[in-house]
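First comes the structure, then the notes that go with it.
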Amino acid sequence: MGSGKKKGGRKEPLFGLPAALADLRLTAADRIPGGGDDKPKKSAKRKSEPAGDEPPRERKAPARSSGARRRSRSSFSAGLGRLVYWGAVLSLWGVIAVIGVVIWVGAHLPPIQSLEIPKRPPTIQIVGMDGTLLAQRGEMVGANVSLKDLPPYLPKAFIAIEDRRFYSHFGIDPVGILRALVTNVLHRGVSQGGSTLTQQLAKNLFLTQERTLQRKLQEAELAIWLERKHTKNEILELYLNRVYFGSGAYGVEAAAQKYFGKPAKNVTIAEAAMLAGLVKSPSRLAPNRNPEGAEARAQVVLAAMADAKFITEAQAQASIGHPSYNVKPVGAGTINYVADWIGEVLDDLVGQIDESIRVETTIDPKLQAVAEAAVIDELAAKSVKFNVSQGALVAMTPDGAVRAMVGGRNYSESQYNRAVTAKRQPGSSFKPFVYLTAMEQGLTPDTIRQDAPIEVKGWRPENYTHEYFGPVTLTQALAMSLNTVAIRLGLEVGPKNVVRTAHRLGISSKLEPNASIALGTSEVSVVEMVGAYAPFANGGFAAMPHVVTRIKTLDGKLLYMRPADERNQVIEPRYVGMMNTMMRETLISGTAKKAEIPGWQAAGKTGTSQDYRDAWFIGYTSNLVTGVWLGNDDNSPTRKATGGGLPVEVWTRFMRAAHEGVPVAALPNLQGNWGPANLAQISSQVSPPTQAAAPGYSPGYSPGPAPAPAGNGGYRAPPRANVNARPEAAAGLDGWLMDRLFGGNR
């Protein structure tokens, strides 16, 4: 029974999960390629395949399925989406960053609502007695001019060279910035700027000149604000009136006056092009410093104007090389010493200056020019010979109005005012205060005193020539500048009284009341000395040196007017006459014989200090009082420059020119009868000159302060202090007497 089984066996029915999986089979197509051991083995050749050596047929690549195409398009879309997404993210962050920068820049600016166009800086115009502009302090700011008052080519010159798209941008010109960027890259440097006129105006009005990114961003923000607040023409007008043109000139009006001597409304096309060209580099291209550079830049502007069709090519060609310069050297004129002096007193006169003012002065421009030439020319000719490097001159009317002042030979090299600020020993030019004190104590010009060696507590002052003339009149002693007589006279009247006299006449410096005061050992300024001599020229009234008469605002408002001087008599008329008689003799036969003004009575006194360090001459007529000082700033000795030499030459050159065409007037109170002494008595009392061989004498020896007691009860010899002016070789006692007795060469 068992042997009757069918071949293949019996199949049992399957139920559930086994039944579901029974037909599941994996084929080679379902396997992952490269699966290693799972790779299906090659099946045996089918019997139907030929067994020969036929080459295998070329198998065609399977066609790309639609699913693959869909997957490719999906990948591209995903990449594009990511690009758009990140672009949007970056753009958003960029916008946030820009907004942040704008907020940050704005936070470092004043509140926009509080920004106002700032006032122009105040200027000080200094004019002469004839109304001529002499100098200007502060920046040179011309009057505001409106566009309608300017020739049309003037503002167009600025637009052509600085901002061709001015009327089309909103304060910032992206096209201009891009063009400048490309140009700078091609030239490998900064050859072109992208700032608009509005940006330049914003910088000039509100910002500094520093080159930083923060400043450029602030400039851009303010430019946009200006464009929103003002019209284009208002912005252009503001720009033309505020831009800097070099040499201290702000605005086209100031620049036109500075460089061409004419108002801006009258400039030519060539001059307009030059002004527009200065904006690029005003200090470097200013025509008074670099005329060639200014002209070359003007040609560039003319070409730009022609290219922009603002002018024709013919006009551009005709304008090349035709600006008419009218410029002066900057800061070289000696009038600047006067301007500085005025600047020092303005605060006392009108207080703090917050608006432009006009200062009217007593300066005569013609006399100022003559004084400057006299000092500079004489120094140029003889400074090397006499080792004199500097000089000063002050000329004033007898009532104290300063007509000319020279504080040095070249203001651009040294602004130190040697006429006002410097204090120097006046030497024998101080002696008139000693003699005036003597006159006021009862002596006369004919009073006789001994010219002989003298010793004061160990100090032995001497005359320059070592000569002693015995009994001499005070007139002779002053004219010949005899030291021993001045010392005797000073001790006789009292040094303190001499100091009081000098202070009463106008000397304000501290003076030491010792024996050597008679020889001018205390230091004073030139303007002090000239002011103190003025009473001799005006009849005995105090004269305060002054230069300012009125101060007004530019619109005419009066801020200050000099009050009328009080007539304060400081010398009695008869003593004025005595002093004028004696000091007139100095110019006739004494140490200043070269100081002659044809037709005029003049008087004065020379002075020379120790080792020829200072040379002075102060002389006067009834019209003008003038003092001259020459020396060196470092107080080094000159080569025997004396008061009767260079200072007299400068004084004479100036005074002769100053008195041309002026009606002649005599010195006040001149007289000739002073008392019992007369010329016969003088001649009978005079003894021949004697020689004094003072041991250890060296030329230029003169006393210092009076000697102080030594610890042992004795006295030390004083230090050497000054050399006194001495007579010319032909001005001895005999010559003086001949002139007095027989009316010699006068």
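All residue numbers in this chain count up from 1 along the given sequence.
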- prompt: Where the side chain of His169 meets the backbone of Gly171, is there a donor-acceptor pair that is under 3.5 Å apart?
  reply: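 Yes.
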- prompt: Does the Thr397 side chain pair with the main chain of Ala401, one donor and one acceptor, at a distance under 3.5 Å?
  reply: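 Looks like yes, one N/O pair under 3.5 Å.
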With a 4.0 Å cut-off on N to O distance, would you call [X] and [Y] a salt bridge?
| X | Y | result |
| --- | --- | --- |
| Asp614 | Arg424 | yes |
| Arg165 | Asp173 | yes |
| Lys552 | Asp555 | no |
| Lys265 | Glu253 | no |

- request: Could you please spell out the steps behind the side-chain contact (heavy atoms from CB on, under 4.5 Å) verdict for His546 and Asp565?
  value: CA-CA 11 Å; His546 62 275; Asp565 291 325; 4.1 Å; yes
- prompt: Between Tyr244 and Tyr250, how do the two ring planes meet: parallel, tilted or perpendicular, split at 30° and 60°?
  reply: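 Plane angle between 30° and 60°, so tilted.
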- request: Kindly write out the residues that satisfy salt bridge (Lys or Arg N to Asp or Glu O under 4.0 Å) with Lys423, not counting sequence neighbours, or none if the list is empty.
  value: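 Listed in chain order: nothing, the list is empty.
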task: Would you indicate whether the side-chain heavy atoms of Trp629 and Gln390 approach each other to under 4.5 Å?
output: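 In contact.
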field: Note, Thr132 side chain near Val127 side chain (heavy atom, < 4.5 Å)
entry: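 When only atoms from C-beta onward are counted, Val127 and Thr132 do not touch, as no gap falls below 4.5 Å.
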message: Walk me through whether Arg653 and Glu378 qualify under side-chain contact (heavy atoms from CB on, under 4.5 Å).
response: CA-CA 10 Å; Arg653 173 174 172 174; Glu378 289 296 324; 4.2 Å; yes
query: How long is the span from the OG1 atom in Thr361 to the CE atom in Met405, to the nearest 0.5 Å?
result: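 So the OG1 of Thr361 and the CE of Met405 are separated by 11.0 Å.
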query: Can you tell me if Glu372 and Thr334 form a side-chain donor-acceptor pair at under 3.5 Å?
result: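 Judged by distance alone, the side chains do pair up.
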message: Under the criterion side-chain hydrogen bond (donor to acceptor under 3.5 Å, both in side chains), I'd like the reasoning laid out for Thr652 against Glu596: C-alpha separation, chi angles, the key distance, then a yes or no.
response: CA-CA 7 Å; Thr652 303; Glu596 182 183 0; over 6 Å; no
query: Can the ring centroids of Tyr153 and Phe310 be said to lie less than 6.0 angstrom from one another?
result: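 No, the ring centres sit 6.0 Å or more apart.
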message: Is the positively charged end of Lys232 above the ring of Phe166, judged by distance under 6.0 angstrom from the centroid and angle within 45° of the axis?
response: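 Ring-cation test returns yes.
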